[in-house]
Amino acid sequence: MPELPEVETVRRMLAEHALGRAIAEIRLSGKKLREPIPRGLAARVRGRSIEKARRHGKYLMLDLSGGVTLLSHLGMSGRWLFYPGDPDGTLIHVHVKFTFADGSKLWFQDPRRFGLLRAVDTTKLKDDPALSLLGPDPLASPLDGEFFASRAKGLKVAVKNFLLDQNRVAGIGNIYASEILHRAGVDPRRPARAVPKEAWDRIAKETALVLGEAVARMGTTFSAYRTLWNEPGLYGDQLLVYDRAGEACRRCGTLIRRIVQGQRSTFFCPHCQSRARSKTAAV
DNA sequence: ATCCTATCCTGTAGGC
DNA sequence: TGCCTACAGGATAGGA
């Protein structure tokens, strides 16, 4: 569910509302997420306050006082929810409950349990296996066509799957990959090595634009994603192809197609994203 | 190294 | 109403 814009939305909200708060109490559900949450995590973070909220790709990092960082990933269905007072109603699938010294609360809810939560030494964060291999974050360091073209050299993998590979670029997921390729006019099935330089230029440009616009609208709520306030993101209105199979392309009227790549849905316009439009490359 | 598949888990939507 | 299948924003291990 959450890709870069959704995680960035939550990061910004945490930076605005959670900084300086001291963790007074921690409760864990005991259920395993992507990996078991270590029993010792509670003792490791208790009493520390949140000093900074950072993000790389889809990973969120909360730096705590005393050199400990909470590293989290929302997986498919994870949510960080903040409550100034008491939560209204009963929530299920809440696996982590932080209560701050002032009584406010920060909960991690994750029905499918593909999420991740680790406490690591801040100085060793860079070496954490979850982060060490990640490609650059396209918001932190804007990427150009040259970057993409050089990383794609010789790769047979389809350009859609290339964009999803977090070790090449960090933060693009299934929704935005389809949106970026549509706006760049590139056929998602093309081998990365066969994408011409001028098409990579457009992909680079649209990556920054799409992700930026999505952040401005607090992300896309397709189903599960919610902001820190449990509200949906608004970028769904802007989607040009994702989940629009059989509907008319907003640019040319051709029916949007759904195909499966790497066991995941891809949506594209066969006309706007044809080979002719992205220019023929050598190879 | 690159690539492809299966797998982890629960909820929901749609067909019958 | 229930039952069944397919699918869902992700990442990773393991084999070719």
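Residue numbering restarts at 1 for every chain, and letters A, B, ... go by the order of the sequence lines. Basis for what follows: all heavy atoms, side chains included, without hydrogens, waters or symmetry-related copies. From a predicted model like this one, the values you see are computed outputs, not experimental measurements.
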Heavy-atom closest pair, residues A:Leu28 and A:Pro38: CD1-O, 4.1 Å

Distance-minimising heavy-atom pair for A:Ile256 and A:Cys269: CD1-CB, 3.9 Å

Write down the distance between NZ (A:Lys31) and P (B:dT10), rounded to a whole number of angstrom. 6 Å

In whole angstrom, give the distance that lies between atom OH of A:Tyr225 and atom P of C:dG10. 14 Å

Using whole Å, report how far CD of A:Gln263 lies from P of C:dT12. 16 Å

What is the pairing partner of B:dA1, taking Watson-Crick or G-U wobble pairs with both distances under 3.5 Å in any strand? none

Would you indicate what A:Gln166 reaches in the nucleic acid, counting non-hydrogen atoms under 4.0 angstrom: base, sugar-phosphate, or nothing? sugar-phosphate

Is A:Ser77 close enough to B:dC9 that one of its side-chain N or O atoms is under 4.0 Å from OP1 or OP2 there? no

Take the protein atom CG of A:Leu163 and the nucleotide atom P of C:dG10, then report the distance between them rounded to whole Å. 12 Å

With rounding to whole Å, what would you report as the distance between B:dA6 and C:dA6 at their P atoms? 14 Å

Which whole number of Å gives the distance between the P atom of C:dC7 and that of B:dT5? 15 Å

More 5' along DNA chain B: A:Lys32 or A:Ile92, using each one's nearest nucleotide? A:Lys32

Parallel, tilted or perpendicular, judged at 30° and 60°: which one describes the rings of A:Phe82 and A:Trp229? perpendicular

Looking across every strand, which nucleic acid part, if any, lies under 4.0 Å from A:Arg34 by heavy atom: base, sugar-phosphate, or nothing? sugar-phosphate

Minimum heavy-atom distance A:Gln273-A:Val241, with the two atoms named: OE1-CG1, 4.4 Å

Could you tell me whether A:Leu116 contacts a base, only the sugar-phosphate backbone, or nothing, with contacts defined as non-hydrogen atoms closer than 4.0 Å? nothing

Kindly point out which of B:dG11, B:dC3, C:dA8 is positioned nearest to the side chain of A:Pro111? B:dG11

I need the CG-P distance between A:Leu164 and C:dG10, as an integer number of Å. 7 Å

I need the CZ-P distance between A:Phe114 and C:dA8, as an integer number of Å. 13 Å

Could a donor-acceptor pair under 3.5 angstrom be found where the side chain of A:Arg112 meets the base of B:dC9? yes

For a 4.5 angstrom cut-off between non-hydrogen side-chain atoms, does A:Ile26 reach A:Lys97? no

Proximity to the side chain of A:Met76 - top-ranked nucleotide from B:dC3, C:dA8, C:dA11: C:dA8

Let's see if you can work this out: which of C:dA8, C:dT12, B:dC3 has an atom nearest to the side-chain heavy atoms of A:Leu155? B:dC3

Have a look at A:Thr221 and say if it touches a base, only the backbone sugar-phosphate, or nothing, with a 4.0 Å heavy-atom cut-off. base

Both distances below 3.5 Å, Watson-Crick or wobble geometry, any strand: find the nucleotide opposite B:dA13. C:dT5

Tell me whether the side-chain N/O atoms of A:Arg264 come closer than 4.0 Å to OP1 or OP2 in C:dA8. no

Compare every heavy atom of A:Val68 with every heavy atom of A:Arg48, then report the nearest pair and how far apart it is. CZ-CG2, 3.5 Å

Judged by each residue's nearest nucleotide on DNA chain C, which is more toward the 5′ side, A:Arg258 or A:Ala130? A:Arg258

Length of the line joining A:Lys58:NZ and C:dT12:P, which is rounded to integer Å: 10 Å

Starting at CG of A:Asn174 and ending at P of C:dA8, how long is that distance when rounded to a whole Å? 8 Å

For a quick test of reading the model: is some side-chain N or O of A:His93 closer than 4.0 Å to OP1 or OP2 of B:dT10? no

Classify A:Tyr176 by what it touches in the nucleic acid, base, sugar-phosphate, or nothing, heavy-atom distance under 4.0 Å. nothing

